[in-house]
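Note that the structure is predicted; figures quoted are calculated from it, not measured.
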Amino acid sequence: MGATQVFVDANVVRSRTLRDWLFLLRNAGDMFSVCTTEDVIAEVVYTLRREKPEAPGYLTRSVHDRIIEQLDYRVEDYPAGAPGYRGSDPDDAHVHAAAVAAGVDIVLTADKGFTDLSEEDRDGLPYEIYRPDEFFVLVDDSSPGTVRRVSGEQLEYWCAKNPSGGVNLPAAFDAADCPRFAERVRLRLQQL
């Protein structure tokens, strides 16, 4: 994959599984860099607060801070609109505008406004659109050793946190709508 620049959308970093693995895989090699905007991070915090209205303030702050700490950079400024946005949801135009301004290679999103675009519309964009499952499979195709190493480290981590057992990393990816990558993780764990 090389030095691929990835713009990550809120629906990806909102998931703890996807967020953790995105940054773990990024940190384990030099395959890609990750960026986003403060608007995307604000959306993550907003949805987290809506899902957990009784949660203490440190929860949203810690998620916010972890995202900020792990990013390679934030896209600080971008125009209100960028030409060529083809999505059906006007609330996603800021993602397109920021991705264009940053000159990224990939927009990583689970948003149907992007993922359901026709091939013709996708071909007109200056970046590629990947769903999380597609992206993680691409990472595994590019560096199966990295995925194997991170899988082993995560298995050790979760076993230590849950010594009574019941650790199932592939199930976390199934729950995060990444069934193909769940199978890749299962395979990598079998190789350990």
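- At a threshold of 4.5 Å between side-chain heavy atoms, the hydrophobic network of Ile, Leu, Val, Met, Phe, Trp and Tyr places Leu155 and Val147 in one connected group.
- Not less than 6.0 angstrom separates the ring centroid of Phe181 from the ring centroid of Phe135.
- Looking only at side-chain heavy atoms (C-beta outward), Tyr130 and Val107 stay at 4.5 Å or farther from each other.
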Next item on the list: Kindly determine whether Arg122 and Glu128 satisfy salt bridge (Lys or Arg N to Asp or Glu O under 4.0 Å), including the steps that lead there.
Entry: CA-CA 7 Å; Arg122 284 178 177 231; Glu128 294 182 56; over 6 Å; no

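- The two residues Leu192 and Gly152 make their nearest non-hydrogen contact at CD1-CA, 3.4 Å.
- Heavy atoms only, all atoms of each residue included: Phe7 and Val95 are closest at CE2-CG1, 3.7 Å.
- Within the structure, side-chain hydrogen bond (donor to acceptor under 3.5 Å, both in side chains) contacts touching residues 177-192 (residues at least two apart or in different chains) are Asp140-Arg184, Asp140-Arg188, Asp141-Arg184, Arg148-Gln191, Glu183-Arg186, Arg188-Gln191.
- Of the candidates Val8, Val104, Val44, Val8 is the only one forming a side chain to side chain contact (heavy atoms under 4.5 Å, CB included) with Thr36.
- For the atom pair Leu24 CG and Tyr157 OH, the distance stands at 9.5 Å (nearest 0.5 Å).
- Considering every non-hydrogen atom in both Cys178 and Leu18, the closest pair reads SG-CD2, 3.7 Å.
- Atom-to-atom distance recorded for Ile67:CD1 and Ile41:CD1 is 5.5 Å, nearest 0.5 angstrom.
- Note that CZ of Arg19 and CZ of Arg14 are 7.0 Å apart. Values are rounded to the nearest 0.5 Å.
- The structure places CZ of Arg149 at 7.0 Å from OG of Ser143, a figure rounded to the nearest 0.5 Å.
- Taking hydrophobic clusters as Ile, Leu, Val, Met, Phe, Trp and Tyr residues chained together by side-chain heavy-atom distances below 4.5 Å, Leu189 shares a cluster with Val137.
- Under the 6.0 Å cut-off for aromatic ring centres, His96 and Phe114 do not qualify, their centroids lying 6.0 Å or more apart.
- The distance from atom CG of Leu22 to atom CG of Asn27, rounded to the nearest 0.5 Å, is 9.0 Å.
- Using a 4.0 Å cut-off between charged side-chain N and carboxylate O, Glu69 and Arg66 make no salt bridge.
- Minimum heavy-atom separation, Ala98 to Val75: O-CG1, 3.9 Å.
- Annotation: Tyr46, atom OH; neighbour count of heavy atoms from other residues, nucleotides and ligands within 6.0 Å does not exceed 12.
- Within the 4.5 Å cutoff, the side chain of Ser142 has no heavy atoms near those of the Phe32 side chain.
- Although no hydrogens or angles enter the test, the distance criterion places a donor-acceptor pair under 3.5 Å between the side chain of Asn168 and the main chain of Ala171.
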Margin query: side-chain contact (heavy atoms from CB on, under 4.5 Å) for Asp92 and Tyr85? Distances and angles first, verdict last.
Written below: CA-CA 9 Å; Asp92 292 325; Tyr85 176 63; 3.2 Å; yes

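- In terms of heavy atoms, Ile129 sits closest to Glu134 at O-OE1, 4.2 Å.
- Defined by atom type and a distance below 3.5 Å, a donor-acceptor pair is missing between the side-chain atoms of Gln5 and Asp72.
- Taking hydrophobic clusters as Ile, Leu, Val, Met, Phe, Trp and Tyr residues chained together by side-chain heavy-atom distances below 4.5 Å, Ile68 shares a cluster with Val63.
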Next item on the list: Could you walk me through whether Asp39 and Tyr78 pass side-chain hydrogen bond (donor to acceptor under 3.5 Å, both in side chains), step by step?
Entry: CA-CA 11 Å; Asp39 289 340; Tyr78 48 91; 2.4 Å; yes

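- Connection of Leu187 to Leu138 is not established within any shared hydrophobic cluster, with ILVMFWY side chains joined at heavy-atom distances below 4.5 Å, either directly or through further cluster members.
- If you check the side chains of Arg26 and Gln70, you find a donor sitting under 3.5 Å from an acceptor.
- Side-chain N or O atoms of Arg131 include one that pairs as donor or acceptor with a backbone N or O of Thr115 at under 3.5 Å.
- Remark: the backbone N or O of Thr4 is not paired with any side-chain donor or acceptor of Asp105 at under 3.5 angstrom.
- Of the possible polar contacts, none joining the Ser15 side chain to the Val12 backbone as a donor-acceptor pair under 3.5 Å is found.
- Here the closest non-hydrogen pair linking Val40 and Ala10 is CG1-N, 3.3 Å.
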